[in-house]
Asks: 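Below is a structure I'd like to ask you about.
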Amino acid sequence: MTPIIHSHRLRVRYGETDQMGVVYHTNYLNWFEVGRTELIRHAGITYRELEEKGVLLPVTDANISYKQPARYDDEVEIRTRVKEISPVRLTFAYEIVRVPDQQLLVLGETMHVFTNTALKPIRLSRAVPDIYDWLDSQHKGGE
């Protein structure tokens, strides 16, 4: 069982760097959000549409490990996969690599809980079963 990895590329903008031209550390968390947003989009639904269905996905925990810095104007690839899923929780795993040399820059994870708009936990498998099934299939490698 090998999870499907979704990929999204971007170029480091000047405003994402510090005076040394190195990406400021918190920007990687923003890039994680880009990765999971694009992964969800592959299901044929946007985060906005998911929220319109009354489902929120707040972050409960985040882990990040910095390996090498990204720098201004680097092209980077955000690789996102579903690491774990249950009807009430979801964990995404991320790798950020520099495209030209495939150098690993950052590893990370974000843990989420499915909630309604009142931030009460819900079972996604009941609320939006087709999305739950799709996420579960991504975790299982598209089986």
Side-chain angles (χ1 to χ4, degrees), residues 1-117 119 121-125 127-143:
M1 178 171 72
T2 303
I4 293 174
I5 298 171
H6 293 270
S7 170
H8 183 78
R9 289 184 179 190
L10 56 83
R11 188 162 300 277
V12 177
R13 297 170 295 189
Y14 186 79
E16 294 171 317
T17 65
D18 59 20
Q19 189 175 10
M20 298 174 291
V22 172
V23 171
Y24 186 68
H25 68 279
T26 60
N27 284 307
Y28 294 103
L29 292 169
N30 291 327
W31 294 352
F32 288 178
E33 182 179 3
V34 169
R36 67 180 173 266
T37 298
E38 293 304 316
L39 183 147
I40 296 292
R41 192 179 309 280
H42 282 279
I45 190 169
T46 65
Y47 250 81
R48 174 182 283 182
E49 292 167 334
L50 198 57
E51 290 176 352
E52 287 170 354
K53 292 179 181 284
V55 177
L56 303 179
L57 198 57
V59 175
T60 59
D61 293 280
N63 295 316
I64 191 165
S65 178
Y66 304 97
K67 306 298 183 184
Q68 295 287 324
R71 298 180 184 280
Y72 171 63
D73 206 39
D74 280 350
E75 185 180 12
V76 297
E77 182 176 28
I78 306 161
R79 299 174 182 165
T80 308
R81 66 182 173 86
V82 176
K83 181 179 177 186
E84 296 176 354
I85 186 168
S86 77
V88 295
R89 295 189 182 279
L90 177 62
T91 301
F92 291 104
Y94 311 89
E95 291 180 352
I96 297 178
V97 299
R98 188 173 25 251
V99 172
D101 61 4
Q102 292 297 297
Q103 177 68 50
L104 177 64
L105 305 176
V106 171
L107 290 172
E109 294 181 356
T110 56
M111 288 64 73
H112 306 258
V113 63
F114 299 110
T115 72
N116 61 21
T117 56
L119 298 179
I122 61 169
R123 298 178 73 81
L124 187 67
S125 57
V128 190
D130 54 329
I131 298 299
Y132 176 80
D133 291 343
W134 186 85
L135 288 167
D136 189 48
S137 77
Q138 297 302 290
H139 172 65
K140 293 176 180 172
E143 296 175 4

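Numbers for residues simply follow the sequence, beginning at 1.
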Asks: Is there a donor-acceptor pair under 3.5 Å between the side chain of Y28 and the backbone N or O of I64?
Replies: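 Absent.
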
Asks: Return the minimal non-hydrogen interatomic distance between V55 and F114, and the atom names on each side.
Replies: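 Scanning both residues, the minimum pair turns out to be CG1-CD2, 4.4 Å.
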
Asks: Look at the side chain of D18 and the backbone N and O of M20, then say whether any donor-acceptor pair between them is shorter than 3.5 Å.
Replies: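 Answer holds: yes.
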
Asks: Donor-acceptor pair, H6 side chain versus T80 backbone, under 3.5 Å?
Replies: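 No, because the side chain of H6 does not come within donor-acceptor range (under 3.5 Å) of the backbone of T80.
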
Asks: So, do V82 and D136 sit near enough that their side-chain heavy atoms are less than 4.5 Å apart?
Replies: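 Not in contact.
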
Asks: Examine the side chains of E109 and T91 and answer whether a donor and an acceptor come within less than 3.5 Å of each other.
Replies: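 The criterion, which ignores hydrogens and geometry beyond distance, is not satisfied for T91 and E109.
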
Asks: Test L124 against I85 for side-chain contact (heavy atoms from CB on, under 4.5 Å), laying out the working first.
Replies: CA-CA 10 Å; L124 187 67; I85 186 168; 5.5 Å; no

Asks: Rounded to the nearest 0.5 Å, what separation is found between the CG atom of L57 and the CG atom of L90?
Replies: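 Rounded to the nearest 0.5 Å, the CG-CG separation comes out at 5.5 Å.
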
Asks: Side-chain contact test, heavy atoms from C-beta onward, threshold under 4.5 Å: evaluate it for P58 versus V113 and give yes or no.
Replies: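 Of all side-chain heavy-atom pairs linking V113 with P58, at least one is under 4.5 Å.
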
Asks: Have H42 and Q138 got a donor and an acceptor in their side chains that come within less than 3.5 Å?
Replies: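 Result is no, nothing qualifies.
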
Asks: Taking all non-hydrogen atoms of both residues into account, name the closest pair between E95 and L104 and its distance.
Replies: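 That closest heavy-atom pairing would be CB-CD1, 4.2 Å.
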
Asks: Answer whether the closest heavy-atom distance between the side chains of M111 and N63 falls below 4.5 Å.
Replies: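 Side-chain contact under 4.5 Å: yes.
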
Asks: At what distance, to the nearest 0.5 angstrom, does NZ of K67 lie from CD of Q103?
Replies: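 Rounded to the nearest 0.5 Å, the NZ-CD separation comes out at 11.0 Å.
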
Asks: Step through the shown structure and confirm whether more than 12 heavy atoms of other residues, nucleotides or ligands are within 6.0 Å of CZ on R11.
Replies: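 Counting neighbours around CZ of R11, more than 12 heavy atoms of other residues, nucleotides or ligands fall under 6.0 Å, so yes.
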
Asks: Rounded to the nearest 0.5 Å, how far does NZ of K83 lie from OG1 of T110?
Replies: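 Interatomic distance, T110 OG1 to K83 NZ, rounded to 0.5 Å: 11.0 Å.
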
Asks: I'd like to check the salt bridge (charged side-chain N to carboxylate O under 4.0 Å, His left out) partners of R41; sequence neighbours left out, ordered by chain and number.
Replies: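 Salt bridge (charged side-chain N to carboxylate O under 4.0 Å, His left out) check on R41 returns E38.
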
Asks: For the residue pair I40 and I45, establish whether any side-chain heavy-atom pair is separated by less than 4.5 Å.
Replies: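 Yes, side chains in contact.
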
Asks: With rounding to the nearest 0.5 Å, note down the distance linking CD1 in I5 to CD1 in I78.
Replies: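 Between atom CD1 of I5 and atom CD1 of I78 there are 14.0 Å.
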
Asks: How long is the gap from OH on Y47 to CG on L56, to the nearest 0.5 Å?
Replies: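 Separation between the atoms: 10.0 Å.
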
Asks: Decide yes or no on side-chain contact (heavy atoms from CB on, under 4.5 Å) for V106 and W31, but give the supporting numbers first.
Replies: CA-CA 11 Å; V106 171; W31 294 352; over 6 Å; no

Asks: Rounded to the nearest 0.5 Å, what separates atom CG in N27 from atom OG1 in T17?
Replies: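 Spacing of CG (N27) from OG1 (T17) equals 8.5 Å.
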
Asks: Taking all atoms of both residues into account, what is the closest heavy-atom pair of V22 and P69, and its distance?
Replies: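 Of all heavy-atom pairs spanning V22 and P69, the closest is CG1-CB, 3.6 Å.
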
Asks: Mind checking what makes ring-ring contact (aromatic ring centres under 6.0 Å, His included) contact with Y72, not counting sequence neighbours?
Replies: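 Counting only residues at least two positions away or on another chain, Y72 forms a ring-ring contact (aromatic ring centres under 6.0 Å, His included) with Y14.
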
Asks: Check this for me: does any side-chain nitrogen of one of R9 and E75 sit under 4.0 Å from a carboxylate oxygen of the other?
Replies: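 Counted as a salt bridge, because a side-chain N and a carboxylate O are separated by less than 4.0 Å.
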
Asks: Is a side-chain donor or acceptor of S65 paired with a backbone partner of L107 at a separation under 3.5 angstrom?
Replies: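 No, S65 side chain to L107 backbone: no donor-acceptor pair under 3.5 Å.
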
Asks: Go through V12 and R71 one step at a time and tell me if the side-chain contact (heavy atoms from CB on, under 4.5 Å) criterion holds.
Replies: CA-CA 7 Å; V12 177; R71 298 180 184 280; over 6 Å; no

Asks: Kindly give the heavy-atom pair with the smallest separation between P129 and S125, and that separation in Å.
Replies: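 Minimum heavy-atom separation between P129 and S125: CB-O, 3.3 Å.
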
Asks: Using a strict threshold of under 4.0 Å (side-chain N to carboxylate O), is an ion pair present between R98 and D101?
Replies: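 Between R98 and D101 there is a salt bridge, with a charged N closer than 4.0 Å to a carboxylate O.
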
Asks: Nearest heavy-atom pair of Q102 and V97: which atoms, and what distance?
Replies: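 Between these two residues, the closest heavy atoms are OE1-CG2, 4.1 Å.
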
